[in-house]
Amino acid sequence: GGLISPDNPLRNVAREILGLTRYANGDAKGASEIFARIIADPGVSLDLLRRVQIYQEQLLSQGVAVPVVKKTLANPASLVTTATPPTPGK
């Protein structure tokens, strides 16, 4: 069990908080490792993925070795959202 267990839908939000806490406490390497786990999770939301990529870029700019994660998406089109313009008069 627990918040970061693989079957918990809040696992990546919990990991994000853990990573940010480690970073705030001076453990940049530990934070980067947690962020890499989020990136590798096939169930990560696009919004969280983008945030975590920004965190990793910040760590990289500070000289922290960032783990390289190769992510394969089963359905890359699922990450693309489209908006339908409103119909006039509705």
Side-chain angles (χ1 to χ4, degrees):
L3 280 176
I4 60 171
S5 66
D7 60 340
N8 190 319
L10 296 175
R11 68 189 173 277
N12 287 319
V13 174
R15 288 177 181 155
E16 179 185 22
I17 293 167
L18 288 172
L20 291 172
T21 301
R22 284 197 179 186
Y23 178 76
N25 288 316
D27 183 7
K29 183 177 185 281
S32 182
E33 291 169 357
I34 289 173
F35 296 148
R37 283 187 228 142
I38 295 170
I39 293 170
D41 189 321
V44 67
S45 71
L46 186 55
D47 290 336
L48 179 56
L49 179 62
R50 288 178 178 160
R51 280 197 313 272
V52 170
Q53 288 171 330
I54 292 169
Y55 302 153
Q56 290 289 60
E57 289 172 13
Q58 176 64 32
L59 290 168
L60 189 60
S61 75
Q62 295 175 350
V64 176
V66 174
V68 175
V69 177
K70 292 185 179 179
K71 186 172 181 122
T72 304
L73 300 173
N75 182 8
S78 68
L79 295 178
V80 178
T81 58
T82 56
T84 306
T87 306
K90 287 192 177 184

For Arg37, enumerate each residue passing the salt bridge (charged side-chain N to carboxylate O under 4.0 Å, His left out) test, keeping only those at least two apart in sequence or located in another chain. none
Applying salt bridge (charged side-chain N to carboxylate O under 4.0 Å, His left out), can you list everything that pairs with Glu57, at least two apart in sequence or on another chain? none
Residue list, side-chain hydrogen bond (donor to acceptor under 3.5 Å, both in side chains) with Glu33, at least two apart or on another chain: Lys29
For Gln56, what residues pass the side-chain hydrogen bond (donor to acceptor under 3.5 Å, both in side chains) criterion, not counting sequence neighbours? Ser32
Working to the nearest 0.5 angstrom, can you tell me the gap between Leu20 CG and Asn25 CG? 11.0 Å
Show which residues join Val13 in its hydrophobic cluster (side-chain heavy-atom contacts under 4.5 Å, direct or indirect), or state none. Ile17
Where Gly2 and Asn8 come nearest, the two heavy atoms and their spacing: O-ND2, 3.4 Å
Heavy-atom closest pair, residues Asp7 and Ser5: OD1-OG, 2.8 Å
Using a 4.5 Å cut-off on heavy atoms from C-beta on, say whether the side chain of Arg51 contacts that of Ile54. no
With side chains defined as the heavy atoms from C-beta onward, is the minimum distance between Val66 and Phe35 less than 4.5 Å? no
Once ring-ring contact (aromatic ring centres under 6.0 Å, His included) is applied, do any residues pair with Tyr23, and if so which ones, sequence neighbours excluded? none
According to a 4.5 Å side-chain heavy-atom criterion applied to Ile, Leu, Val, Met, Phe, Trp and Tyr, with indirect links allowed, do Leu60 and Tyr55 form part of one hydrophobic cluster? yes
For Arg15, side chain to side chain contact (heavy atoms under 4.5 Å, CB included) partners two or more places apart: Ile4, Arg11, Asn12, Ile34, Ile38, Asp41
Restricting to side chain to side chain contact (heavy atoms under 4.5 Å, CB included), what partner residues turn up for Ala65, sequence neighbours left out? none
